[in-house]
Structures are given as C-alpha cells and as structure tokens.
Amino acid sequence: TELAHIRNFSIVAHIDHGKSTLADRLIQSTGTVQDREMKEQMLDAMDIERERGITIKANTVRIDYTADDGQAYVLNLIDTPGHVDFAYEVSRSMRAVEGSLLVVDSSQGVEAQTLANVYQAIDADHEIVPVLNKIDLPAADCDRVAEQIEDVIGIDASGAIRVSAKTGVGIHETLEAIVKYLPAPTGTREAPLKAMLVDSWYDAYLGVIVLVRIMDGVLKKNDRIRMMQNGSVHQVDRIGVFRPAMAEIDELGPGEIGFLTASIKQVRDTRVGDTITHEKKGCEQPLPGFKPSQPVVFCGLFPADASEFEDLRQAIERLALNDASFSYEMETSAALGFGFRCGFLGLLHLEVIRDRIEREYGIDLITTAPSVVYHIHMRDGQMTELHNPADMPDLTHVSHVEEPRIKATILVPDDYLGDVLKLCQDRRGIQMDLTYVGGRAMVVYDLPLNEVVFDFYDRLKSVTKGYASFDYQLTEYRQDHLVKMSVLVNDEPVDALSMMVHRDRAEARGRVMVEKLKDLIPRHMFKIPIQAAIGGKVVARETLSAMRKDVTAKCYGGDVSRKKKLLEKQKKGKKKMRQFGRVEIPQEAFISALKMD
Ligand code: GDP
Ligand code: MG
C-alpha cells in the first residue's frame, strides 16, 4: 500500500470509557468482520481480560476503508494495554503509530488514566483526535467534557467527535476524521529493513508470533532477520496481517503493521521495543530508547498442597515462556516449603499470573505479601537488590536502604478529597500538587511504592466510593529509615511473614499484625506467644491462650452424622493449614496479617 493511504493509530482512554466497544464498532462498520462473526470485544483475547474488562496484551487489526472522497485506505489499529503495570509496553506501541483517538466518556469526564495515556501519546508526537463517547447516556455532557479536555490536557477539543459506540452514532465521522486528521506514516522502501518489535506472544501451532511495524525497507517471506538487541538470527516463515483473523501476505512495506513467524520458541527471545533488521545489509542504528521492562513487585508463590510443587514449576515455566517481564526463581521457606519467588511489573500483572496458575493449571496457591525491590547499600560499598524481606542482611553490615518512590496522580470529587489526603498522608506520602479541574480535585503525591503495592488501590476505592481514579509512575530510589520486621510464633520466626517497614511505623504495624495473627491462628493445646521484632527487639506481643475443650465433646452421645461432619470439616480445614513447629497457621493468614486496615 502507498504510504499516503495508510493510517496507523491507537485508542487511548481511561478504563471503561469505551475503547474496546469503539474498536469493535470500527471493525464491524467497515465490514472487516461479518456481523455474524462479531463477538463482543473482538480484541480482548484472553478469558481473564474479558472477565475483568481489561486489555493486557497489545493487539492489532487492519481495516480497509473507502473514504467519502472515494479513496481506499488501510487503517491499522493497535490496541494498547490500558493498565499502569504495562506502561512500558504502552509507550512502545505508541511509537509504532502516528495518531491516537482520545476517547473520553462524556458522562464521566477526564480521569487519571485518560491523562496518563494521552501524555504517552503526546510524548510519541501523535496527532490526537478527541472522541466524546457514550452520548446516548442521559448524563452525557459533551460541552463540559470538551472544555475539560482543553483545560486539563491542553488540546483543542472544539471539533471533538460525538459518538455512541453502543448505538453506532458518530462512527462514520470517526473513520473520516482518522483519514483526514491523522498523518500518513513515513519511511523509505529502498532503505535497509528497520522494523519495531511491538509485541509478541506464543501460539501453540505457529510458535512465537511477532507483531512488527516496518519503519524502513521491506520484509518478505523467507528473509533472514536479526534481532538487534541480542543478535539472534531467524528465518521468516510467515508474514501476514490481522483482519482480525490472521491472513498471510507476501510482504510488509514501510508504514505497515503486521506479523511474522520464524520458528521462534520463546517469547523471551523477542523483546518488546527491539529493532528487527535483515541479517545481511541490515540497518546500522537500532530505533532509540530500548529498555527491557523490569519487574518491580515480588512475591512468593507456594503450592497449598506441597505435592503439587512439580506441577507449579511446570505452570510457571510455561507462563514465563510467554511473558518476558515475568521472572521467577526457586525459593524455600521454612514456613511454606518449596515454592517460587516471582517478579511482576505490578499488582495487576501479579494477579493475572496467579489467576492463570489457579485456573488454567488447577493449582491452589499460597501467595505471600507482595514486596517491592529495595536497594541495600552495604558498609563495604556494595549494593544488592533485595527481592525478599526474609533475605535482609544483618543490620550491622548495612549502611543504608533505598526504596522505590512513585509519582501518583489521583482525580477525585471534592467531597472525598479529605479522605484521599489522609490516606496518602498515612502512607508516607508527600503532597506535590493540588489543582481543580471541572469540579474535581487533582492531587499529585510522591509516595513510597511499598505503601501502595499492597492495598492502596482498594483503600482508595473504598474511601471514595469508587469515584477516585489513580495512576502512577516510578520516579526514583530514595533512602529512608527502613528495617526488617520479623514475626515470631511460639518463639520461632516465620520467614514468610517478614516485611520491610519504616522504623517510625514499626510499632504500629507490628501491633496490628500480632493482633490479627491472634485472631487468625486457631487455639492449640498450649499457649502461643506471637511477637513482632526488629533485630532482637520485640516491638509488639500478644499471647494466644490454650484451648480447653475438645470441639467434638459437645456431640458426645448425640447425632453421629453431625459428629462425622464436624470431623470432616476439621479435616478439610486442616488442608488449608500449614504446620509450623508445633503450631498450625492457616494459609489465609499469610496475606490477611499484612493488610493494614
Ligand atoms: P474499555 O475499558 O475502555 O475497553 O471499555 P469498554 O469498551 O469495555 O466499555 C465499558 C462499558 O461501557 C461496557 O459496558 C460498554 O458496553 C459500555 N459502553 C461503551 N460504549 C458505550 C456507549 O457509547 N454508550 C453506552 N451507553 N455504553 C457504552
Ligand atoms: Mg477494553
């Protein structure tokens, strides 16, 4: 296709503002998919995404559109992941296209992820077409939202297209705007091949499928290509586009977006953001700014049933093949036995992987509390990364500890502002900015990631009745007075409950923790001290008193089946317990004890 008749774009939006529905409607109205083949949300492939209504992997579709001027165009839509965990992947896929549709729910207005995503689009020098969606809703207020877009984002929204992705109103206008206002890609057919690796995923039949955007040159079937990051060479066996089903074609030229397969076995060998060129007569310079995405949140995954360790290993290895940003290593815990310490891009990423292990592989998991990566500076000048609080070196060797900080942006109706400020303050936040946009407050906080990673988002939702929106980016590592707090049950340390805390908060956190454990651990035949300690110093303590009665005693002589039921129930309950020394700790304790409310 001639460059002048190609338009490459993405859709940016806050979650639930209608990105997927609009994409579906664009695909459907251009006859790319016959109506009867149309499933809701064509682009959200995985079950888990469908259920949660989130799009995790970038996806793409090629749409043929004949415009009102009679000219045939090729429109390539890249669906970017909408969640903050995948910010790096979003920023790369943005660089594969020239424009964005900015979708804002006209009954809601601009939200935190609207801002985060549109700033990424602006960073990538996109031409931006604002789209006001959901105009069919009675609460739609297009004029107010257009004004908000102008005030907050600073782009002209006077010509914003008014759309209902639900009813189809404004879809034709949207297609015309894409052709008219978004720029055509540039590139040179004669230049050496330069292609961006936008995304990749594993397919059981074809091996790894690589989504590419051709910047310069031409990619053909049977070409030998080189991944510039690691120098690996592959022979291309298929080239094609998504309509949205895979359709093979002979070549991809400049400005085009499509896929290749080359008998690549692991997604790990295909890093998002890498540059692909020909093995011979390749381009000299890769595309700028490649950085592999780094896991920032770690937690332990243990099989609830120790005999399932091998199954868990296989599940984790399989998932890792398909996800280069998920890392794992074996871990042994005195409390939980054999398992894995796993690294994730963020909490959503963690949840998705955990759910897939439980659901697709049928393994019951114990997940330990998520922890961020700390930088431990030793007295001898060395720096080590701490992925697991249990591994914290002895304090006498440690010079200081640094933790990751984030810049958090929260949009919230005025009524709830006080609660939000208090929550941020409680989490060691430093207020950076507070402004008002269209009846809502926008606060920017500098926060420790550590305080956010566990339950901040849930708390924020609950104190604002769901009205706050939240987004964050990592900023820097900063020194603070951080210490390891250990928990001792019956005088023995339970490694899986160790955590890093700020020294000033240690007593308070320790108290909450031992109180919770006291409720969570069932009584035994003896009394059990539960303590929180820093170094050798106990900062909080509770005692669980001994059990007196046999629970089945009251059934004595009574209904036998009831007694049996009770015993069975006890047995079932047991499976969910972990023996620790002489004490049994229920698995839920490992997460519940660390919650802060
Ligand atoms: P995404 O998270 O941005 O991909 O949002 P979705 O496309 O999944 O839409 C979120 C919800 O809004 C779904 O329940 C849609 O059916 C609904 N929705 C999307 N567009 C419209 C619209 O134009 N009007 C109405 N009333 N609902 C819409
Ligand atoms: Mg969606």
Side-chain angles (χ1 to χ4, degrees), residues 9-29 32-33 35 38-61 63 77-87 89-90 93-94 97 100-121 128-146 149 153 160-175 177 199 244 348-349 351-352 411 457 461 466-471:
F9 68 104
S10 60
I11 305 179
V12 294
H14 188 72
I15 187 116
D16 281 345
H17 281 200
K19 180 168 89 164
S20 302
T21 311
L22 178 63
D24 287 352
R25 207 56 72 227
L26 294 176
I27 294 168
Q28 196 184 27
S29 73
T32 306
V33 177
D35 281 356
M38 191 76 193
K39 295 183 280 190
E40 284 246 326
Q41 311 226 325
M42 289 292 312
L43 291 178
D44 291 353
M46 293 199 310
D47 279 355
I48 230 165
E49 295 181 16
R50 230 174 244 270
E51 270 167 35
R52 296 173 180 226
I54 47 169
T55 309
I56 293 162
K57 273 284 164 198
N59 227 318
T60 183
V61 61
I63 298 169
L77 163 62
I78 288 190
D79 191 17
T80 55
H83 193 273
V84 34
D85 286 2
F86 303 92
E89 293 185 13
V90 180
S93 34
M94 291 278 185
V97 298
S100 283
L101 300 182
L102 166 65
V103 174
V104 182
D105 182 335
S106 57
S107 69
Q108 300 286 330
V110 171
E111 296 286 358
Q113 287 164 26
T114 315
L115 290 178
N117 290 325
V118 79
Y119 289 147
Q120 295 243 27
I128 292 165
V129 172
V131 171
L132 305 174
N133 190 31
K134 307 199 188 182
I135 57 164
D136 58 293
L137 293 177
D141 187 347
C142 291
D143 294 336
R144 185 184 68 88
V145 175
I149 292 174
I153 303 167
I161 310 166
R162 300 177 177 209
V163 170
S164 168
K166 187 175 173 185
T167 66
V169 171
I171 296 299
H172 179 73
E173 289 77 359
T174 306
L175 288 162
D199 194 7
L348 177 80
H349 190 209
E351 261 182 56
V352 167
L411 269 80
Y457 193 46
K461 279 228 164 125
Y467 282 113
S469 60
F470 166 67
D471 196 85

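The figures here come from the full heavy-atom set of this structure, side chains too, leaving out hydrogens, waters and symmetry mates. Counting convention: from 1, in listed order, for ligands and their atoms alike.
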Practice task
Nearest heavy atom to atom 5 (O) of ligand 1 wins, so pick from Ala139, Ala165, Gly18.
Solution key: Gly18
Practice task
Run down the list Val103, Ile15, Asn133 and name the one with the heavy atom closest to atom 20 (N) of ligand 1.
Solution key: Asn133
Exercise for the section: Under 4.0 Å, heavy atoms only, figure out whether ligand 1 is touched by the backbone of Asp16, its side chain, both or neither. Expected result: both
Exercise for the section: Verify, without hydrogens or angle tests, whether His17 (side chain) and Val104 (backbone) share a donor-acceptor contact under 3.5 angstrom. Expected result: no
Handout entry: Exam field: side chain Asp471 to backbone Gln113, donor-acceptor pair closer than 3.5 Å
Key = no
Exercise for the section: Pull out every atom of ligand 1 sitting under 4.0 Å from any heavy atom of Leu137, numbered as shown with elements. Expected result: 26 (N)
Handout entry: Close side-chain approach of Ile153 to Leu115, heavy-atom, < 4.5 Å
Key = yes
Handout entry: Side chain, backbone, both or neither: His17 near ligand 1, heavy atoms under 4.0 Å
Key = backbone
Handout entry: N/O donor-acceptor pair under 3.5 Å between Thr114 side chain and Ala13 backbone
Key = no
Problem - Asp105 vs His14, side chain to side chain contact (heavy atoms under 4.5 Å, CB included): CA-CA, chis, key distance, verdict - result: CA-CA 8 Å; Asp105 182 335; His14 188 72; over 6 Å; no
Problem - Subset of ligand 1 atoms that lie under 4.0 Å from at least one heavy atom of Lys19 - result: 1 (P), 3 (O), 4 (O), 5 (O), 7 (O)
Problem - side chain to side chain contact (heavy atoms under 4.5 Å, CB included) between Ser10 and Met94, intermediate numbers included - result: CA-CA 7 Å; Ser10 60; Met94 291 278 185; 3.8 Å; yes
Problem - Sub-4.0 Å atoms of ligand 1 with respect to non-hydrogen atoms of Thr21 - result: 6 (P), 7 (O), 9 (O), 15 (C), 19 (C), 20 (N)
Handout entry: Residue part near ligand 1, for Ser164, under 4.0 Å between non-hydrogen atoms
Key = both
